There are 2 protein chains.
Amino acid sequence: MEPVEAAVPPYHLQLARMFAERQTAEFDATVCPVRDVLDRVGDKWTMLVLIALAERPRRFSEINRTIPDISKRMLSQTLRTLERDGLVLRSVFPTNPPSVEYRLSELGRTVFEPLTMLVRWVERSHDAIGTARKQYDTSP
Amino acid sequence: MEPVEAAVPPYHLQLARMFAERQTAEFDATVCPVRDVLDRVGDKWTMLVLIALAERPRRFSEINRTIPDISKRMLSQTLRTLERDGLVLRSVFPTNPPSVEYRLSELGRTVFEPLTMLVRWVERSHDAIGTARKQYDTSP
DNA sequence: CTGTATCCACTGCGATACTG
DNA sequence: CAGTATCGCAGTGGATACAG
């Protein structure tokens, strides 16, 4: 017998179960953890900014160079949201000209476990998805 | 000495390293795995539709009931993209009226590992983020 | 250097109506 | 039941100019 391995259900059933419970209560989209995920890291830039800060603290323009195609407006806005959520810490150094440093908080660091898993998944699946698409697009 | 545990770097550094390598090459947003993630599951409905299919195959209107606030238009569109990417399989039964069944492919099932991690992360972090926000909003 | 303000374009998405 | 077609809006984000 292999009791332990048999006891833990596969991931898709775990998630299904989590949401089956929610289904019983009356529906409220505002307390759905998945929509929460999307609100937090589902936008165009948040993940990339977090990754830009993964290795070490960086200054505003340094992040901007790491993500060349982000506008100052969006970088600023994304950083403020991350700061507000407590994922990123901001320090101003009153030099001249002023320099501002952003770094991950402890909480911010914890995103990287699930984030890394997700990035690995796309990398693993990239080819399979590509061929699936090609097949879908070329068939009647 | 504890060679094995010392050898595996924390997640945020793993990701940082993955992207540091990319930085050396000339920048091309179209081959970035993070933007790939966002394109695939970063939209408003994809994750929710996948979860709706996690436990077992479902028919169109059944999914619609699971996600009450999705429009038929978006459900249809989301399902087609998932089918095109090979994550979801579609079967038509020529009954009258016609019934169509959607189910996860093998590839589709593999999303749930990283997806579950991500959902767990928000659930774990939800309170911490809430208090961080409250503090940010009430301070000068 | 580190932002903010203003304006504008695009598009994702919802509402509604219609079809096999 | 399982969609598609058309329309319209609102929010997201880019460009530019300005400011501390």
Side-chain angles (χ1 to χ4, degrees), chain A residues 27 29-30 32 34-50 52-53 57-85 88-103 136 140, chain B residues 27 29-30 32 34-50 52-53 57-85 88-103 136 140:
Chain A
F27 177 78
T30 63
C32 172
V34 170
R35 310 201 187 209
D36 232 34
V37 172
L38 296 169
D39 285 348
R40 297 248 152 57
V41 297
D43 72 302
K44 195 171 178 184
W45 300 114
T46 297
M47 282 192 185
L48 292 166
V49 170
L50 284 171
L53 296 174
R58 284 183 199 272
R59 297 174 51 179
F60 188 89
S61 45
E62 213 180 343
I63 305 173
N64 209 151
R65 275 189 297 276
T66 309
I67 312 169
D69 54 343
I70 191 174
S71 64
K72 283 191 301 180
R73 180 174 120 81
M74 289 314 296
L75 179 52
S76 176
Q77 185 175 304
T78 304
L79 283 167
R80 250 184 300 110
T81 304
L82 286 170
E83 192 197 352
R84 186 167 102 101
D85 287 351
V88 159
L89 269 24
R90 177 178 183 271
S91 313
V92 183
F93 300 100
T95 55
N96 193 327
S99 75
V100 181
E101 189 186 84
Y102 295 92
R103 66 186 188 283
Y136 183 96
Chain B
F27 178 78
T30 64
C32 172
V34 170
R35 310 201 188 209
D36 233 34
V37 171
L38 296 169
D39 284 348
R40 297 248 152 57
V41 296
D43 71 302
K44 194 172 180 183
W45 300 115
T46 297
M47 283 192 185
L48 292 165
V49 171
L50 284 170
L53 296 174
R58 285 181 199 274
R59 298 174 51 180
F60 188 89
S61 47
E62 212 180 341
I63 304 173
N64 209 151
R65 274 189 297 277
T66 309
I67 311 170
D69 55 343
I70 192 174
S71 63
K72 283 193 299 181
R73 179 173 122 81
M74 288 316 295
L75 179 53
S76 176
Q77 185 175 304
T78 304
L79 283 168
R80 251 185 299 110
T81 303
L82 286 170
E83 192 198 352
R84 186 166 103 101
D85 286 352
V88 160
L89 269 25
R90 178 178 182 271
S91 313
V92 183
F93 300 100
T95 56
N96 192 326
S99 75
V100 181
E101 189 185 84
Y102 294 91
R103 66 185 189 284
Y136 183 96

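Values in this document were obtained by computation on a predicted structure and should not be read as measured data. Every chain is numbered from 1, with letters handed out A, B, ... down the list of sequences.
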V100(B) and side chain to side chain contact (heavy atoms under 4.5 Å, CB included): which partner among R59(B), R90(B), R58(B)? R90(B)
What's the OH-P distance between Y102(A) and dT2(C), to the nearest Å? 8 Å
For R59(B) and dC1(D), is the shortest distance between a side-chain N/O and OP1 or OP2 below 4.0 Å? no
Could you state the atom-to-atom distance from CZ of R80(B) to C1' of dG3(D) in whole Å? 9 Å
Could you tell me the separation between the CG atom of L48(B) and the P atom of dC13(C), rounded to a whole number of Å? 12 Å
With each end axis built from five pairs of C1' atoms, what bend angle do you get for the helix from dC1(C)-dG20(D) to dG20(C)-dC1(D)? Round to 10°. 40°
Spacing between R58(B) atom CZ and dA2(D) atom P, to the nearest angstrom: 13 Å
Check this for me, if you would: do D36(B) and R40(B) make a salt bridge, where the nitrogen-to-carboxylate-oxygen distance has to be below 4.0 angstrom? yes
Give a yes/no on whether any side-chain N or O of S76(A) is located under 4.0 angstrom from OP1 or OP2 of dT2(C). no
Flag the pair L82(A) / L50(A) as yes when at least one side-chain heavy-atom distance between them is below 4.5 Å, and no otherwise. yes
For a quick test of reading the model, state the closest non-hydrogen atom pair linking K72(B) to F60(B) and the distance between them. O-CZ, 3.9 Å
Quick test: give all pairs of protein nitrogen or oxygen and nucleotides 14-16 of chain D nitrogen or oxygen below 3.5 Å, distance rounded to 0.1 Å.
| from | atom 1 | to | atom 2 | distance (Å) |
| --- | --- | --- | --- | --- |
| dG14(D) | OP1 | K44(A) | NZ | 3.1 |
| dG14(D) | OP2 | S71(A) | OG | 3.4 |
| dG14(D) | N7 | R73(A) | NE | 3.2 |
| dG14(D) | O6 | R73(A) | NE | 2.9 |
| dG14(D) | O6 | R73(A) | NH2 | 3.3 |

Indicate yes or no for a side-chain donor-acceptor contact from S61(A) to the backbone of N64(A) under 3.5 Å, with no hydrogens or angles considered. no
Nearest-Å distance, CG (N96(A)) to C1' (dT2(C))? 12 Å
Kindly give the heavy-atom pair with the smallest separation between W45(B) and D69(B), and that separation in Å. CH2-O, 3.5 Å
I need the CD-P distance between Q77(A) and dT6(C), as an integer number of Å. 15 Å
Of all pairs that satisfy salt bridge (Lys or Arg N to Asp or Glu O under 4.0 Å), the ones with a partner from residues 73-83 of chain B, not counting sequence neighbours: none
Verify, without hydrogens or angle tests, whether S99(B) (side chain) and T95(B) (backbone) share a donor-acceptor contact under 3.5 angstrom. no
When rounded to whole Å, the CG to P distance for the pair N64(B) and dC1(D) reads 10 Å
With a 4.5 Å cut-off on side-chain heavy atoms, are D85(A) and Y136(B) touching? no
Nearest whole Å is fine: how far is dT4(D) C1' from F60(B) CZ? 10 Å
